[in-house]
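Down below is the structure, laid out as structure tokens.
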Amino acid sequence: MWGLIIALIALGLALIFGIVEIVNVAHGSLYMLGAVVAWYVLEATGSFGVALLAAPLAVGVLSLAIERVVLRPLEDEKVMTVIATTGVMLVLQHSVLATFGGGVQRIPAPVTAAVSFFGLRYPLYRLLVAATSLGVIALLWLFLTRTRYGLWLRAVRQDAKMATALGIPVGRMYMLAVGLGGGLAALGGVLAAPIVVIQYQMGFDILATAFIVVVIGGFGSLFGAAATAVLLGVLEGAASVFTTPTYARIATLVVMGAILLARPEGIFRRRAASR
């Protein structure tokens with residue numbers, strides 16, 4: 001389940017890097033913002049379903065504005081975009097700190113039932129999270145492979161200059177990629193909110209994990225990012241059976257680090273190169 005949430009976040013990060021070629025340091029803050037916006041919407045409406053729809057949409061629109069106002073003027077200065085997205089990260093974090101506060105909040109799970117597996121009871125909400133994540137990943141694949149805008153995004157990724165010559169609105173595709181990436185990060189934040197605590201620095205850990213997943217999966221490979229995220233979740237879950245969650249996270253990152261040392265280009269290098 002956790003691997004699939006990471007997959008949503010990492011897919012957004014990989015989508016932005018693969019098409020816009022920008023390392024979005026603010027991606028973890030968009031994940032955090034999704035959880036915070038969901039908390040506010042839930043407080044106002046009492047409906048988790050409304051929060052699940054409203055938070056990714058709001059953060060996606062904010063991501064469109066960030067691309068247009070902050071990133072577009074710097075699209076030829078890749079190093080400056082790292083500095084700019086770091087600034088965006090700080091602005092988002094301190095804005096949330098000023099409004100949401102430095103304490104922690106929780107969102108109750110919308111489904112409290114549990115199901116039995118081999119004598120063990122497992123929260124039904126976590127199964128619904130896994131199913132929702134798989135459904136969104138499938139919809140993203142269909143969008144990229146079966147729609148005109150998906151075809152344009154793939155064309156821009158392969159050769160932006162040729163796409164411009166063919167009349168594809170490259171600037172709009174950049175905005176769409178950043179908006180989709182931000183929306184996916186926020187969706188991950190909403191789904192994770194009933195499982196983790198919500199606070200203004202919650203994006204730090206997930207950002208590091210998402211970067212590791214994207215690098216190991218092969219920069220720009222959406223399939224590689226999703227597969228590596230699920231692998232990370234499985235490894236961490238298996239390690240948790242034998243040790244504490246903290247040591248399980250350490251062991252998982254050690255394994256991922258060893259893979260990265262062995263294959264610095266990523267384990268899905270050929271697939272990434274062909275897309």
Would you compute the distance between atom [atom1] of [X] and atom [atom2] of [Y] and round it to the nearest 0.5 angstrom?
X	Y	atom1	atom2	value
T209	L232	OG1	CG	6.5 Å
F211	F17	CZ	CZ	9.5 Å
W152	T147	CH2	OG1	10.0 Å
I168	L151	CD1	CG	6.5 Å
I66	S29	CD1	OG	9.0 Å
I107	I198	CD1	CD1	3.5 Å

Between [Y] and [X], is there a side-chain heavy-atom distance shorter than 4.5 Å?
X	Y	value
F48	V41	no
M175	R68	yes
N24	L30	yes
L4	T132	no
I9	I206	yes
E21	Y174	no
L140	L8	no
V59	Y31	no

Backbone of [Y] reached by a side-chain donor or acceptor of [X] within 3.5 Å:
X	Y	result
T228	A225	no
T85	V25	yes
E77	V79	no
R72	G171	yes
R154	L144	yes

Of the non-hydrogen atoms in [X] and [Y], which two are nearest, and what is the gap between them?
X	Y	result
L42	P108	CD2-CD, 4.3 Å
R157	I19	CB-CG1, 4.1 Å
L74	A84	CD1-CB, 3.7 Å
S63	G182	OG-CA, 3.4 Å
A55	G34	CB-O, 3.5 Å
G12	H27	C-CE1, 3.6 Å

Is it possible for you to say whether [X] and [Y] belong to one hydrophobic cluster, with membership spreading through side-chain heavy-atom contacts below 4.5 Å?
X	Y	answer
W2	V197	no
V136	F143	yes
L134	L15	yes
V20	L64	no
L57	L62	no

Tell me whether [X] at atom [atom1] has more than 12 heavy atoms from other residues, nucleotides or ligands lying less than 6.0 Å away.
X	atom1	result
Y40	OH	yes
R172	CZ	no
Y247	OH	no

*Under the side-chain contact (heavy atoms from CB on, under 4.5 Å) criterion, do V96 and L33 qualify, and how do the steps go?*
CA-CA 8 Å; V96 171; L33 197 60; 3.8 Å; yes
*Begin from the C-alpha positions of Y200 and H94 and carry the test side-chain contact (heavy atoms from CB on, under 4.5 Å) through to its verdict.*
CA-CA 8 Å; Y200 77 102; H94 288 278; 5.6 Å; no
*asked:* Under 6.0 Å between ring centres: does that hold for W141 and F223?
replied: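 Centroid distance W141-F223: not below 6.0 Å, so no.
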*Walk me through it: do V196 and M202 pass the test side-chain contact (heavy atoms from CB on, under 4.5 Å)?*
CA-CA 9 Å; V196 301; M202 64 184 290; 4.0 Å; yes
_Stepwise side-chain contact (heavy atoms from CB on, under 4.5 Å) test for L52 and L187_ = CA-CA 7 Å; L52 185 63; L187 178 61; 3.6 Å; yes
